[in-house]
Student: 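Can you keep this structure in mind? I'll have questions shortly.
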Amino acid sequence: MNAAKRREIFRRFQEDNPSPTTELVYSTPFELLIAVILSAQATDVGVNKATAKLFPVANTPETILALGVEGLRGYIKSIGLFNSKTKNIIEACRLLVEKHNSQVPDNREALEALPGVGRKTANVVLNTAFRHFTMAVDTHIFRVSNRTRIAPGKNVLEVERKLIRLVPKEYLLDAHHWLILHGRYVCKARKPLCGSCRIEDLCEYKHKTSDD
C-alpha cells in the first residue's frame with residue numbers, strides 16, 4: 001500500500017471519529033490498567049460490568065489490596081481467567097505500592113514488570129493514559145492491518161513496528177483506537193462489511209464481500 005492511500009485511510013477515520021478512545025470505562029491510569037488486565041480474552045462489555053461494581057468500592061492499589069484475593073475474586077468472577085487475573089492484580093498492586101508510590105509508571109519496562117502486564121497491555125496504558133506514540137496490536141488490529149494491507153506482518157510485533165513506522169505521524173496517537181473500532185464493527189473476522197466500509201475503495205483486500 002502506498003503512503004498516499006494510507007494517509008487517506010486515516011484522514012477518513014479521523015473525519016468520522018475525531019476523538020476516538022477505548023470502550024473500557026475508566027477515570028484514572030490505575031483504573032485503566034486494571035481494566036486492560038481484565039480485558040485479556042474477555043469483552044470490554046463484560047469488563048465494564050465488573051468494574052462498574054468494583055471501582056466504586058476499590059479503585060486504588062491500597063483499596064484493592066485491602067479486598068484481598070477472595071474479595072477481589074468476588075467482583076471479577078464473571079470474567080474469563082478470573083483466578084489468574086485476581087492473583088496478578090493483587091501482586092501488581094503490591095508492587096505499585098512498594099516500588100512506585102502507588103502510581104502507574106509511564107514507561108514500558110516498569111509496566112511490563114507488573115504481573116499480568118505484557119507488551120500489548122503496556123502499550124494500551126502508555127497510549128491511552130499517557131499519550132505515548134505506541135501501538136497495541138490485538139486480534140482486531142492484526143487482522144485489519146493484514147487484510148487491508150495497511151501494515152501486513154506475520155506476527156503482532158512485526159505489525160506493531162510497521163504501523164509505528166508507516167502511519168502518518170499526525171494520526172499515530174489515535175490510530176490504535178481507529179483500527180480496533182474498525183475491526184470490531186466493520187472489518188469483522190468472519191465476514192467484513194465491505195459494502196458499508198468507509199475505506200473500501202482504498203482497501204487492498206482481494207476477497208471483498210457485500211453486506212447481504
Side-chain angles (χ1 to χ4, degrees), residues 17 19-142 156 160 173-185:
N17 186 3
S19 301
T21 189
T22 177
E23 293 187 319
L24 293 169
V25 176
Y26 74 99
S27 59
T28 66
F30 177 75
E31 288 186 358
L32 177 64
L33 174 65
I34 299 304
V36 178
I37 292 173
L38 292 174
S39 71
Q41 298 183 44
T43 67
D44 288 0
V45 172
V47 171
N48 289 339
K49 286 181 180 178
T51 56
K53 296 178 181 178
L54 171 64
F55 288 159
V57 175
N59 70 340
T60 64
E62 291 87 352
T63 52
I64 285 185
L65 280 173
L67 286 178
V69 170
E70 291 302 319
L72 177 59
R73 185 183 290 129
Y75 284 99
I76 68 170
K77 61 185 178 183
S78 61
I79 296 174
L81 307 176
F82 66 89
N83 279 319
S84 60
K85 289 176 182 178
T86 298
K87 293 175 184 176
N88 284 338
I89 289 171
I90 290 292
E91 183 62 15
C93 287
R94 185 184 68 78
L95 290 174
L96 287 174
V97 170
E98 292 179 359
K99 294 188 175 183
H100 301 288
N101 196 30
S102 299
Q103 300 299 306
V104 176
D106 67 348
N107 71 85
R108 179 187 304 285
E109 184 179 5
L111 281 169
E112 290 188 20
L114 299 173
V117 179
R119 185 177 183 88
K120 184 178 76 173
T121 295
N123 279 339
V124 173
V125 173
L126 289 171
N127 176 258
T128 306
F130 300 115
R131 304 302 280 161
H132 288 203
F133 288 100
T134 61
M135 185 68 60
V137 178
D138 68 350
T139 56
H140 295 301
I141 293 182
F142 185 77
V156 294
E160 176 189 326
L173 269 180
D174 293 320
H176 159 248
H177 297 301
W178 286 319
L179 291 170
I180 284 181
L181 293 170
H182 190 67
R184 186 172 289 166
Y185 296 112

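On a predicted model such as this, the values are computed, not experimentally measured, just so you know. For this chain, numbers begin at 1 and follow the sequence in order.
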Student: Which value, rounded to the nearest 0.5 Å, describes the distance between Arg119 atom CZ and Leu111 atom CG?
Tutor: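 Arg119 atom CZ to Leu111 atom CG measures 12.0 Å (nearest 0.5 Å).
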Student: About how many Å separate OG1 of Thr43 and CG of Leu24, when rounded to the nearest 0.5 Å?
Tutor: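 Those atoms lie 9.5 Å apart.
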Student: Only pairs at least two apart or in different chains count here, so list each side-chain hydrogen bond (donor to acceptor under 3.5 Å, both in side chains) that has a residue in residues 21-32.
Tutor: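 Every side-chain hydrogen bond (donor to acceptor under 3.5 Å, both in side chains) pair that includes a residue of residues 21-32, provided the two are not neighbours, is Glu23-Arg184, Glu23-Tyr185, Ser27-Glu31, Glu31-Asn59.
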Student: So Thr128 and Val36, do their side chains get closer than 4.5 Å, heavy atoms only?
Tutor: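 Val36 vs Thr128: side chains apart.
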Student: Given side-chain contact (heavy atoms from CB on, under 4.5 Å), test Ile34 with Ile64 step by step and report yes or no.
Tutor: CA-CA 10 Å; Ile34 299 304; Ile64 285 185; 4.3 Å; yes
Student: Heavy-atom distance under 4.5 Å between the side chains of His140 and Leu179, does that happen here?
Tutor: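 A side-chain contact under 4.5 Å is absent here.
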Student: Only counting residues at least two apart or in another chain, list the ones meeting side chain to side chain donor-acceptor pair (under 3.5 Å) with Asn83.
Tutor: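 By the side chain to side chain donor-acceptor pair (under 3.5 Å) rule, Asn83 matches Arg73.
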Student: Start with the C-alpha gap between Ile180 and His176, add the side-chain angles, then the distance that decides, and say whether side-chain contact (heavy atoms from CB on, under 4.5 Å) holds.
Tutor: CA-CA 6 Å; Ile180 284 181; His176 159 248; 3.2 Å; yes
Student: Are Leu54 and Leu67 packed together at the side-chain level, in the sense that at least one heavy-atom pair is separated by less than 4.5 angstrom?
Tutor: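 Side-chain contact under 4.5 Å: yes.
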Student: Contact between Thr134 and Arg108 at the side-chain level, heavy atoms closer than 4.5 Å - yes or no?
Tutor: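 Touching, per the 4.5 Å side-chain cut-off.
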Student: OG1 of Thr60 to CD of Gln103: how many Å apart, nearest 0.5 Å?
Tutor: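 The CD atom of Gln103 is 10.0 Å from OG1 of Thr60, to the nearest 0.5 Å.
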Student: Looking only at non-hydrogen atoms, find the nearest pair between Thr86 and Val69 and report the distance.
Tutor: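 Looking at all heavy atoms of both residues, the shortest contact is CG2-O, 3.4 Å.
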Student: Kindly indicate, with the supporting measurements, whether the criterion side-chain contact (heavy atoms from CB on, under 4.5 Å) is fulfilled by Arg94 and Leu65.
Tutor: CA-CA 7 Å; Arg94 185 184 68 78; Leu65 280 173; 4.2 Å; yes
Student: Heavy-atom distance under 4.5 Å between the side chains of Ser39 and Asp44, does that happen here?
Tutor: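 In contact.
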Student: How many angstroms lie between atom OG of Ser102 and atom CG of Leu95, to the nearest 0.5 angstrom?
Tutor: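 Spacing of OG (Ser102) from CG (Leu95) equals 11.5 Å.
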Student: Is there a donor-acceptor pair under 3.5 Å between the side chain of Asn127 and the backbone N or O of Asn123?
Tutor: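 The answer is no, because no donor-acceptor pair under 3.5 Å joins these two groups.
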Student: How about CD on Gln41, more than 12 heavy atoms from neighbouring residues, nucleotides or ligands closer than 6.0 Å, or not?
Tutor: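 No, CD of Gln41 has 12 or fewer neighbouring heavy atoms, counting only those of other groups under 6.0 Å.
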Student: Closest approach of Ile141 and Asp138, non-hydrogen atoms and distance?
Tutor: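 Closest approach of Ile141 to Asp138: N-OD1, 2.8 Å.
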Student: Rounded to the nearest 0.5 Å, what's the gap from CD1 on Ile89 to CG on Leu96? Could you check?
Tutor: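 Ile89 CD1 to Leu96 CG: 11.0 Å, rounded to 0.5 Å.
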Student: Give me the atom names and distance for the closest heavy-atom approach of Ala110 to His100.
Tutor: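 So the two residues come closest at CB-CE1, 3.8 Å.
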Student: Answer yes when Glu91 and Lys87 have at least one side-chain N-carboxylate O distance shorter than 4.0 Å, and no when they do not.
Tutor: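 Looking at Lys87 together with Glu91, the answer is no, because their closest N to O distance does not fall below 4.0 Å.
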Student: Measure across Val25 and Phe55 and return the closest heavy-atom pair with its distance rounded to 0.1 Å.
Tutor: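 Here Val25 and Phe55 meet closest at O-CE1, 4.0 Å.
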Student: Could you tell me which non-hydrogen atom of Lys85 sits nearest to which non-hydrogen atom of Gly80, and how far apart they are?
Tutor: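 Result for this residue pair: NZ-O, 3.0 Å.
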Student: When rounded to the nearest 0.5 angstrom, what is the spacing between CD1 in Ile79 and NZ in Lys77?
Tutor: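 These two atoms lie 12.5 Å from each other.
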Student: Indicate the atoms forming the closest heavy-atom contact of Pro115 with Ile37, along with that distance.
Tutor: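 Looking at all heavy atoms of both residues, the shortest contact is O-CD1, 4.3 Å.
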Student: side-chain contact (heavy atoms from CB on, under 4.5 Å), that's the test. Do Leu33 and Leu114 meet it? Break it down for me.
Tutor: CA-CA 10 Å; Leu33 174 65; Leu114 299 173; 4.1 Å; yes
